[in-house]
Peer 1: 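The structure's right below; bear with me while I get my questions together.
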Number of protein chains: 2
Amino acid sequence: MKPRDENKIDQIYQATLKQVKANGLAGITMQSVAREANIATGTLYIYFKNKEALILSLYHVCVKNSAGVYFKNYDPKAPFKVSFYLIWSNMVQHRISSFTESIFMEQCYHSPFIDEDTRKTLKKMFEPLMNLIKRGKEERLIKDIDTFWLIAFLIGTVNEIAKRTIYFNKKLTTEILNTNFQMCWDGIKA
Amino acid sequence: MKPRDENKIDQIYQATLKQVKANGLAGITMQSVAREANIATGTLYIYFKNKEALILSLYHVCVKNSAGVYFKNYDPKAPFKVSFYLIWSNMVQHRISSFTESIFMEQCYHSPFIDEDTRKTLKKMFEPLMNLIKRGKEERLIKDIDTFWLIAFLIGTVNEIAKRTIYFNKKLTTEILNTNFQMCWDGIKA
DNA sequence: TCATTAAATGAATAAATATTCATTTAAATT
DNA sequence: AATTTAAATGAATATTTATTCATTTAATGA
């Protein structure tokens with residue numbers, strides 16, 4: 001018997017991301033995804049039940065991917081600021097290197113494809129970061145502000161740096177990264 | 001002769017925004033917009049040539065609306081920090097009170113509807129803010145960092161505060177607003 | 001009041017898009 | 001090499017959605 005080409009799923013995912021980046025979630029069609037992936041339209045339906053399943057499945061893969069990367073090399077025993085810098089910079093770098101995934105996730109968030117439950121799983125992704133922030137407050141290193149707003153502050157800066165790096169075609173040197181981190185740190189430090 | 005109901009255009013805009021908030025740009029159809037606006041599908045085509053024209057036209061209205069509000073009550077002769085707080089808080093408040101517009105604009109940005117030129121008009125909107133930032137640097141009140149990244153920092157925080165206020169159904173009290181401003185200010189101050 | 005004119009309607013049609021399926025292809029097993 | 005099995009194909013079909021248009025409605029001015 002003929003086995004599945006296990007590369008194909010990733011090929012389809014990549015094609016979908018590319019299409020979403022170019023035309024938005026509103027712009028993708030099953031034919032355009034198939035064309036981009038160099039496969040027949042019907043083949044999509046061997047790997048995914050329908051369009052919704054494809055999008056949803058890709059969404060979950062993207063969420064999973066991010067979560068892992070954010071905490072790469074994270075050592076909970078390292079000093080607070082070291083850990084904080086690591087995670088902050090992981091987030092910035094991942095959002096830049098996986099920018100199409102980020103856009104895709106953002107667009108999914110307000111779409112008929114993602115339901116309320118799916119939305120909630122996103123929250124769990126940030127639990128280790130929440131714990132780190134709490135630790136920073138306990139150690140009196142950062143401001144005694146509701147963790148919710150401290151994280152809002154972080155995520156906001158991270159997102160916008162990534163967006164602008166891509167849209168305005170900037171090269172994010174270590175110097176620029178550190179300058180941006182400095183603003184962020186000064187914002188939250190006690 | 002029967003005159004046009006001049007309220008109708010706004011009615012259509014509001015219906016479109018409501019639909020986009022609920023289902024994303026990928027989820028709207030001319031029939032769903034018409035239903036939401038309590039008019040017949042055909043009536044949409046009296047006011048707009050086609051779907052693309054409707055979306056594009058609404059996009060321009062939204063951009064125009066934001067630009068004005070951000071600089072409401074702005075007095076260039078006021079002290080820097082006063083002006084800065086005013087504009088920052090105008091931005092936060094406008095993004096919250098016009099959240100559907102914000103989502104819509106964000107989604108349009110990556111869609112087949114908006115072209116490169118249209119995208120550029122967004123940049124002009126922030127020119128007065130750029131000038132204020134430059135003044136702050138000249139007065140040595142804020143860090144000597146590329147205005148581009150200072151603005152990225154601001155916009156990032158503003159966007160995320162607005163998003164979270166809405167998504168997590170928070171009440172943005174003056175106290176919380178000021179706490180958030182403090183982080184932002186500490187981040188950019190010299 | 002009546003005639004005129006354009007708005008408004010919504011069913012009908014056109015166009016775009018998702019999905020299916022009969023057929024072909026190719027890997028694996030005998 | 002022949003057989004089996006599922007993948008792959010892409011044209012055909014089903015479905016959804018955009019757009020049109022013959023008809024009705026209502027505001028205006030003669």
Side-chain angles (χ1 to χ4, degrees), chain A residues 1-60 104 107-108 110-115 118, chain B residues 1-60 104 107-108 110-115 118:
Chain A
M1 75 182 118
K2 187 176 178 180
R4 283 198 185 185
D5 179 350
E6 278 311 320
N7 249 51
K8 202 136 287 174
I9 287 186
D10 193 57
Q11 211 171 307
I12 293 169
Y13 283 156
Q14 292 312 317
T16 308
L17 289 172
K18 204 166 169 187
Q19 284 292 308
V20 171
K21 192 189 178 188
N23 302 116
L25 202 50
I28 65 163
T29 68
M30 292 304 258
Q31 2 264 345
S32 75
V33 168
R35 202 182 320 117
E36 183 79 50
N38 281 311
I39 58 172
T41 321
T43 309
L44 287 174
Y45 289 86
I46 292 170
Y47 294 88
F48 302 97
K49 190 170 148 277
N50 53 33
K51 187 178 176 181
E52 186 180 0
L54 162 58
I55 306 259
L56 219 74
S57 167
L58 176 55
Y59 178 81
H60 285 296
F104 173 72
Q107 296 226 352
C108 279
H110 289 280
S111 83
F113 302 112
I114 305 301
D115 59 36
T118 307
Chain B
M1 75 184 116
K2 190 177 177 180
R4 284 198 185 183
D5 179 350
E6 278 313 320
N7 249 51
K8 202 137 286 176
I9 288 186
D10 193 57
Q11 210 171 308
I12 294 168
Y13 283 157
Q14 293 313 316
T16 308
L17 290 171
K18 204 168 171 187
Q19 284 293 307
V20 171
K21 192 188 177 189
N23 303 115
L25 203 51
I28 65 165
T29 68
M30 294 303 260
Q31 2 264 346
S32 73
V33 168
R35 201 180 322 118
E36 183 79 52
N38 282 312
I39 58 173
T41 321
T43 309
L44 288 174
Y45 289 85
I46 292 170
Y47 293 89
F48 301 96
K49 192 169 144 277
N50 52 33
K51 187 179 176 180
E52 187 180 0
L54 162 58
I55 305 259
L56 219 75
S57 167
L58 176 54
Y59 179 81
H60 284 297
F104 173 72
Q107 298 227 351
C108 280
H110 290 281
S111 84
F113 301 112
I114 303 301
D115 59 34
T118 307

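When reading the values below, keep in mind they use all heavy atoms of this one structure, side chains included, and skip hydrogens, waters and symmetry mates. Every chain is numbered from 1, with letters handed out A, B, ... down the list of sequences.
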Peer 1: Grab the CZ-P distance between B:Arg4 and C:dT5 for me, whole Å please.
Peer 2: 17 Å
Peer 1: Contact class for A:Tyr47 vs. all strands (heavy atom < 4.0 Å): base, sugar-phosphate, or nothing?
Peer 2: sugar-phosphate
Peer 1: Could you tell me if the side chain of A:Ile12 sits less than 4.5 Å from the side chain of A:Phe48, heavy atoms only?
Peer 2: yes
Peer 1: Could you give all pairs that pass the side-chain hydrogen bond (donor to acceptor under 3.5 Å, both in side chains) test and reach residues 38-48 of chain B, with sequence neighbours left out?
Peer 2: none
Peer 1: For A:Ile39, answer base if it contacts any base atom (sugar-phosphate contacts may also be present), sugar-phosphate if it contacts only those atoms, and nothing otherwise; contact means non-hydrogen atoms under 4.0 Å.
Peer 2: sugar-phosphate
Peer 1: For A:Val20 and A:Leu25, work out which heavy atoms get closest and say how close.
Peer 2: CG1-N, 4.0 Å
Peer 1: Write down the distance between CZ (A:Phe48) and C1' (D:dA8), rounded to a whole number of angstrom.
Peer 2: 15 Å
Peer 1: Check the distance between C:dA8's P and B:Asn7's CG and give it to me in whole angstrom.
Peer 2: 11 Å
Peer 1: Say you draw a straight line from CG of B:Leu44 to CD1 of B:Ile9; how long is it, rounded to the nearest 0.5 Å?
Peer 2: 11.0 Å
Peer 1: Round to a whole Å and report the spacing from CD of A:Gln11 to P of D:dA7.
Peer 2: 16 Å
Peer 1: How many Å lie between CZ on A:Arg35 and C1' on D:dG10, as a whole number?
Peer 2: 13 Å
Peer 1: Would you check if the side chain of A:Ser32 reaches a backbone N or O of A:Ile28 as a donor-acceptor pair within less than 3.5 Å?
Peer 2: no
Peer 1: Quick one: B:Ile12 CD1 to D:dA18 C1', roughly how many Å, whole number?
Peer 2: 15 Å
Peer 1: For nucleotides 25-30 of chain D, just jot down a letter per nucleotide in 5' to 3' order: B, S or -, based on protein non-hydrogen atoms under 4.0 Å.
Peer 2: -BBB--
Peer 1: Look at the side chain of B:Gln19 and the backbone N and O of B:Val33, then say whether any donor-acceptor pair between them is shorter than 3.5 Å.
Peer 2: no
Peer 1: C:dT17 P sits how many Å from A:Leu25 CG, rounded?
Peer 2: 14 Å
Peer 1: Heavy atoms only: give me the nearest B:Met30-B:Leu54 pair and the separation to one decimal.
Peer 2: SD-CD2, 4.2 Å
Peer 1: Do B:Tyr13 and B:Phe104 have ring centroids that are under 6.0 Å from one another?
Peer 2: no
Peer 1: In whole angstrom, give the distance that lies between atom CG of B:Leu44 and atom C1' of C:dT9.
Peer 2: 12 Å
Peer 1: Using the rule side-chain hydrogen bond (donor to acceptor under 3.5 Å, both in side chains), only one of B:Lys18, B:Gln14, B:Gln31 pairs with B:Glu36; which is it?
Peer 2: B:Lys18
Peer 1: For each nucleotide in nucleotides 18-23 of chain C, reading 5' to 3', give B when a protein heavy atom comes within less than 4.0 Å of its base, S when such contact involves only the sugar-phosphate, and - otherwise.
Peer 2: BBB---
